[in-house]
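Residue numbers run from 1 in the order of the sequence given. Computed over heavy atoms, backbone and side chain alike; hydrogens, waters and symmetry mates excluded. Just so you know, ligand 1 is whichever comes first in the structure, and atom 1 is the first atom listed for that ligand.
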Amino acid sequence: MKDKYERNIDYMRISVTDRCNLRCRYCMPDEQVPVLPDGELLSFEEIERVCRILPKVGIRRIKLTGGEPLVRKGIAELITRLKKVEGIEQVTLTTNGTLLAERIKELEAAGIDGINVSLDTLDPERFGHLTQRRRLEDVLRGIEALQTSDIPRIKLNCVPMEEINGDELARLAALAKDSRLAVRFIEMMPVGNGQQWTMIPEQTVKDRLTAAFGPMTPAKGSFGSGPAAYYMLPGFRSPVGFISAMSHMFCSSCNRIRLTPDGFLKSCLFFGGGTDLKHLLRSGADEELLDAAVRETIWEKPRQHPDGQAEENRKMYQIGG
Ligand code: SAM
Ligand code: SF4
């Protein structure tokens with residue numbers, strides 16, 4: 001359906017947990033972060049109930065995220081269930097990749113349509129510093145398993161930060177050169193601890209990649225359902241993409257809403273507003289009431305996000321990036 005600003009909302013990001021086995025400093029910096037008790041997380045039945053409403057309002061594509069979605073027990077079972085929901089056409093997942101090699105077969109069997117792996121550095125020391133865990137080898141095994149899998153859409157997401165990977169962007173982009181992995185650069189957003197890092201804007205990343213590989217040209221074809229713009233570098237098999245919420249405010253074409261792990265339906269990443277679906281689900285709301293709540297949240301989606309710090313106190317791992 002369309003919101004009040006005529007944007008077509010057809011995509012939902014569902015966070016299945018706020019727990020994670022990494023501690024990326026810009027997302028979940030503290031060792032002792034408070035996490036939700038199990039009973040506060042939406043159950044698979046509750047997530048499925050919400051998803052049954054979605055096609056009725058025109059949402060047919062779902063991304064599972066977190067926290068780290070692969071630490072939620074039974075995630076493959078949830079994928080199998082969501083794939084069976086009438087009208088849902090695509091279920092994809094975004095992961096830090098640490099558990100991917102061991103889980104990829106069950107994710108494939110569940111029918112996952114695409115997987116994004118997040119990786120900001122290929123240097124073991126930097127990875128250890130940024131994520132506060134020494135798990136780079138596991139992530140690289142996960143990426144290898146992904147490249148040799150039959151999963152259709154596979155992508156690598158990287159957040160450029162001068163302090164961590166400013167001199168490594170070409171090396172990261174090169175992962176797209178001879179493989180079917182698209183590599184995307186996502187501008188750091190001022191959500192949670194994001195504002196504490198030196199964000200590298202899209203144009204600077206492009207300049208560094210052009211200096212390393214030669215001029216890039218807009219890529220032909222469709223590579224995803226979001227705001228990324230894709231380009232081909234000379235001699236590359238797969239494209240590089242840019243998601244630049246700060247350089248190019250893409251609010252006028254935003255197509256998504258988000259469900260937090262504790263069942264709060266958010267219409268914009270940068271604002272705290274939305275609807276407590278968990279309360280509705282647990283107080284006996286029927287389909288009609290849930291449907292109306294989802295429609296109301298979509299309708300009230302803000303026109304655009306603020307320029308500076310987000311008006312949202314939740315951190316990224318509590319929302320689902
Ligand atoms: N744990 C999974 C992962 O790392 O892919 C899924 C959740 S994580 C919050 C999703 C994505 O959000 C990651 O690619 C991460 O780099 C990104 N992210 C977290 N905080 C961010 C911020 N402030 N700005 C931009 N991207 C951010
Ligand atoms: Fe965990 Fe992903 Fe946040 Fe890193 S970005 S701490 S992997 S949820």
Side-chain angles (χ1 to χ4, degrees), residues 13-33 35-36 62-72 75 92-100 103 107 112 114-121 126-136 138-139 142-143 146 154-165 172 182-202 205 224 226-228 241-247 250 256 258-261 266 269-270 305 308-310 312-321:
R13 293 179 77 92
I14 300 178
S15 177
V16 295
T17 181
D18 60 344
R19 298 176 194 203
C20 187
N21 54 354
L22 298 184
R23 287 289 181 277
C24 301
R25 290 177 189 271
Y26 56 81
C27 176
M28 199 176 185
D30 307 319
E31 278 304 322
Q32 304 298 331
V33 283
V35 288
L36 292 164
I62 294 169
K63 170 88 71 200
L64 301 179
T65 179
E68 172 48 39
L70 297 188
V71 304
R72 175 102 188 235
I75 186 75
T92 57
L93 175 106
T94 181
T95 171
N96 63 31
T98 51
L99 302 170
L100 195 51
R103 295 283 166 77
L107 296 173
I112 194 86
I115 294 185
N116 297 350
V117 177
S118 303
L119 179 64
D120 299 326
T121 175
R126 293 177 182 184
F127 184 93
H129 171 70
L130 179 66
T131 68
Q132 307 184 76
R133 300 288 184 273
R134 305 193 69 82
R135 309 267 320 243
L136 179 61
D138 294 334
V139 181
I143 292 172
L146 196 57
I154 63 170
K155 293 170 192 155
L156 186 130
N157 289 338
C158 165
V159 180
M161 289 157 275
E162 215 57 271
E163 298 86 345
I164 298 290
N165 55 16
L172 285 154
V183 173
R184 309 189 312 171
F185 295 96
I186 302 179
E187 278 182 353
M188 180 72 82
M189 294 177 288
V191 177
N193 292 67
Q195 78 281 7
Q196 295 169 8
W197 298 79
T198 314
M199 179 268 255
I200 309 181
E202 172 179 329
V205 179
F242 298 90
I243 301 179
S244 308
M246 307 321 293
S247 297
F250 42 67
R256 60 200 53 200
R258 295 164 191 270
L259 188 62
T260 67
K266 274 175 66 65
L269 178 62
F270 289 75
H305 62 69
Q309 178 65 19
E312 164 61 282
N313 293 324
R314 296 178 184 90
K315 302 233 190 293
M316 209 62 156
Y317 73 93
Q318 295 167 316
I319 302 169

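- The option with the heavy atom closest to atom 22 (C) of ligand 1, from among Met188, Lys63, Gln196, Gln318, is Met188.
- Regarding atom 9 (C) of ligand 1, its nearest protein heavy-atom neighbour is Gly321 N, 3.6 Å.
- In the candidate list Ser118, Cys20, Ser15, Ser118 is nearest to atom 3 (C) of ligand 1, counting heavy atoms.
- Considering each of Cys158, Ala245, Cys27, Gly67, the one bringing a non-hydrogen atom nearest atom 6 (C) of ligand 1 is Gly67.
- Shown are Leu119, Asn96, Thr94; of these, the side-chain contact (heavy atoms from CB on, under 4.5 Å) with Asn157 is made only by Thr94.
- Protein heavy atoms are found inside the 4.0 Å sphere centred on atom 3 (Fe) of ligand 2.
- Listing protein N, O or S atoms at distances below 2.8 Å from atom 1 (Fe) of ligand 2, with waters left out, gives Cys20 SG.
- Gln132 is linked by a side-chain hydrogen bond (donor to acceptor under 3.5 Å, both in side chains) to nothing, counting only residues two or more places apart in sequence or in another chain.
- Under 4.0 Å from ligand 1, not a single heavy atom of Val117 appears.
- Residues satisfying the salt bridge (charged side-chain N to carboxylate O under 4.0 Å, His left out) test with Asp120, not counting sequence neighbours, are none.
- Ranked by closest heavy atom to atom 25 (C) of ligand 1, the top entry among Arg184, Gln195, Met189, Met199 is Met189.
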- Query: Can you list the steps and then say if Asn165 with Phe185 is a side chain to side chain contact (heavy atoms under 4.5 Å, CB included)?
  - Reply: CA-CA 11 Å; Asn165 55 16; Phe185 295 96; over 6 Å; no

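- Considering every non-hydrogen atom in both Val16 and Pro261, the closest pair reads C-CB, 4.2 Å.
- Side-chain contact annotation: Glu202 with Ser244, donor-acceptor N/O pair under 3.5 Å present.
- Scanning for salt bridge (charged side-chain N to carboxylate O under 4.0 Å, His left out) contacts around Glu187 gives an empty result, with sequence neighbours left out.
- Contact annotation for Thr94 and ligand 1: heavy atoms of both the backbone and the side chain come within less than 4.0 Å of the ligand.
- Residue contacts with ligand 1: Tyr317 is excluded, as none of its non-hydrogen atoms falls under 4.0 Å.
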